[in-house]
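A quick write-up on the structure given underneath.
Residues take their numbers from the sequence shown, with the count starting at 1.
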Amino acid sequence: SETHGITFRIQITMKELLDTDVLLKLLFHLPVNYPSILPDISVNSDQLTRSQCMDVKDKLLEQAKKHLSEPMVHELVLWVQQHLKYIIRQSTAVCSEKTTLSRGASTEDGIWMLFLHLDHMRAKAKYVKTVEKWASDLRLTGRLMFMGKIILILLQGDRSNIKEYLILQKTSKVDVDSSRKKCKEKMISVLCETKIQPQHARFQTFEVKDYSTMDELQKEFEAAGLATLFVEFVPSLLK
């Protein structure tokens, strides 16, 4: 659209890679000002590890910078077809070296992002205050978002604090059941947990926000450089 740009998926089957066929799923979000602005890219594959997918994504973004201000998606698809084998080999070697030296220290550093979906909140006021307190105590920023029946939590912060939040979310009696008895959260889905990328905006505070339309919610994600995250996870929650 005129305000959101274009998002589309491309699937590539790489034959006999890693002794098996690899189905690579690429998601491109082309902003309105593309190609003057780099596309947002998401990489997924059931045959690759999350770390390998992140390495493929990083390499694609590096290539995209070389084609800034000119159409590039076709070139990027051709490039990844030609170089995927070498990226995976390099990623595997680097991962092995990191494990030998220390337990993936470099991947633990920096700011991480956690994206959660909650099924419901029966004791909404108490639940919201609890989430706000946890975010404050753990120095996490982001959003608790309500849009109709959709409830989303998007957090940014140190990896260790992100993990601590997840523990609290899953083990604390944060809501009430149908009998109004305190209960733990059992209907939570971790949609995404990843290191923040350069194109992602940093939230400065934690806010609770209500959205009247899906379009309004989508604009929140786009403003934070998270358009691909929205397209990949949120529309399916309406089904």
Side-chain touch [X]/[Y], heavy atoms, less than 4.5 angstrom:
X: Gln197; Y: Met113; result: no
X: Met147; Y: Asp210; result: no
X: Arg202; Y: Ile196; result: yes
X: Val43; Y: Lys25; result: no
X: Leu114; Y: Leu154; result: no
X: Phe233; Y: Cys192; result: yes
X: Val56; Y: Gln52; result: no
X: Leu76; Y: Phe28; result: yes

How long is the gap from [atom1] on [X] to [atom2] on [Y], to the nearest 0.5 Å?
X: Leu24; Y: Thr13; atom1: CG; atom2: OG1; answer: 9.0 Å
X: Leu229; Y: Leu152; atom1: CG; atom2: CG; answer: 9.5 Å
X: Leu23; Y: Ile12; atom1: CG; atom2: CD1; answer: 9.0 Å
X: Asp119; Y: Ser189; atom1: CG; atom2: OG; answer: 8.0 Å
X: Leu118; Y: Leu144; atom1: CG; atom2: CG; answer: 7.5 Å
X: Tyr127; Y: Thr130; atom1: OH; atom2: OG1; answer: 8.5 Å

Under a 3.5 Å cutoff, is there a donor and acceptor pairing between the side chains of Asn44 and Glu232? yes

Would you say the side-chain atoms of Thr7 and His29 include a donor-acceptor pair closer than 3.5 Å? yes

Hey, does the Lys NZ or Arg CZ of Lys59 hover above the aromatic six-ring of Tyr86, less than 6.0 Å from the centre and inside 45° of the axis? no

If you count the non-hydrogen atoms of other residues, nucleotides and ligands that lie under 6.0 Å from [atom1] in [X], is the total more than 12?
X: Arg122; atom1: CZ; value: yes
X: Lys209; atom1: NZ; value: yes
X: Lys126; atom1: NZ; value: yes

Presence of salt bridge, Arg159 and Glu193, under 4.0 angstrom: yes

Is it the case that one hydrophobic cluster holds both Leu61 and Ile6, taking links as side-chain heavy atoms less than 4.5 Å apart, direct or via other members? yes

Checking Glu75 side chain against His67 main chain: does a donor-acceptor pair fall under 3.5 Å? no

Can you check whether Phe203's main-chain N or O pairs, donor with acceptor, with Thr141's side chain at less than 3.5 Å? yes

Using the rule given for ring-ring contact (aromatic ring centres under 6.0 Å, His included), can you reason through Phe230 versus Phe115, listing the C-alpha separation, both sets of side-chain angles and the distance that settles it, and then say yes or no? CA-CA 10 Å; Phe230 177 90; Phe115 190 31; 9.0 Å; no

side-chain hydrogen bond (donor to acceptor under 3.5 Å, both in side chains) test vs Gln218 passes for just one of Glu222, Glu220, Glu216, namely Glu222

